Amino acid sequence: MNAADKTLLDHKKRQLQINIAVTNWLPWWLPVLEALKELKLPWRFEYFECAKATELIYWEMNLQKAPLAGLGISLADIRTPDDYAVQSKLYDHYPSVRLLRYLPALTHQMKYRDQVSVILDLATKTLDIKPEEEVYLFFNQYSPVLILPFSSIRSLPLDDMMEMQDMSIMALDYSWLIFRSLEYEWTWGKHTNH
């Protein structure tokens with residue numbers, strides 16, 4: 001195998017790695033992104049993904065092909081370096097009380113499966129969240145991280161969208177967190193420094 005063949009093989013390998021990664025987490029996000037577009041709710045990416053600068057060329061190619069083509073994602077939505085800052089801040093500010101899975105220690109806790117709006121009503125009151133307040137919305141283990149007004153989250157059909165993944169709604173200044181585990185454990189509260 002000559003150098004050109006090795007380079008081509010390396011390019012194909014990197015392209016395939018990105019395709020596999022996207023295929024693993026995009027299905028969780030598609031209903032959310034489609035609902036935001038359909039309902040014409042305001043939102044933007046904090047980041048769609050984080051990558052090394054050397055990987056941007058592969059992301060640029062992937063953004064033009066299925067399944068990403070047509071979702072309105074630009075190369076500017078890929079953050080470099082490959083540091084998932086929002087998730088890192090989450091774990092720094094709100095450490096887990098469990099060893100084997102993430103569950104932050106917050107003042108309010110409830111096990112609840114149905115009608116997400118009930119939990120969001122309780123959290124809104126105790127955290128004094130304003131409808132126009134912009135917040136982060138993300139699944140803890142997957143990109144992307146969205147920024148949107150809290151009222152947009154309230155407009156989404158969340159009961160249908162929040163299956164099988166840990167999910168966080170967090171203040172942009174990290175001062176409060178609403179967390180739902182895949183076991184339907186809800187917890188919310190303020191960071192101790194706020």
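Below, all heavy atoms of this structure are taken into account, side chains as well, without hydrogens, waters or symmetry copies. None of these values were measured; they are calculated from a predicted model.
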Under 3.5 Å: donor-acceptor pair, side chain of Y136, backbone of Q87: no
Mind checking whether E55 and E49 have side chains closer than 4.5 Å, heavy atoms only? no
salt_bridge(D77, R79) N-O dist < 4.0 Å: no
Set out, in order, the CA-CA distance, both residues' side-chain angles and the distance that settles side-chain contact (heavy atoms from CB on, under 4.5 Å) for W176 and L106, then state yes or no. CA-CA 9 Å; W176 58 260; L106 296 167; over 6 Å; no
Looking only at the aromatic ring of each residue, does the gap between the centers of F139 and Y142 stay below 6.0 angstrom? no
Below 30° counts as parallel, above 60° as perpendicular, anything between as tilted: where do the rings of H93 and H191 land? tilted
Which heavy atom in L103 sits nearest to a heavy atom in S96, and how many Å separate them? N-OG, 3.0 Å
List the steps, then state whether side-chain hydrogen bond (donor to acceptor under 3.5 Å, both in side chains) holds for Q141 with D166. CA-CA 7 Å; Q141 299 299 316; D166 289 348; 5.2 Å; no
Pick one: which of Y102, F138, Y91 meets ring-ring contact (aromatic ring centres under 6.0 Å, His included) with F179? Y102
Would you check if the side chain of K37 reaches a backbone N or O of L71 as a donor-acceptor pair within less than 3.5 Å? yes
Is T80 reaching over with its side chain to a backbone N or O of K52, donor-acceptor style, under 3.5 angstrom? no
Can R14 and D10 be counted as an ion pair, charged N to O under 4.0 angstrom? yes
How many angstroms lie between CG in L137 and CE in M167, if you round to the nearest 0.5 Å? 6.0 Å
When you measure from the side chain of K89 to the backbone of D173, do you find a donor-acceptor pair of N or O atoms at a distance under 3.5 Å? no
Candidate list I147, I153, L33, test side-chain contact (heavy atoms from CB on, under 4.5 Å), partner W43, passing option: L33
Kindly say whether I178 contributes a backbone atom to a donor-acceptor pair with the side chain of W186 at under 3.5 angstrom? no
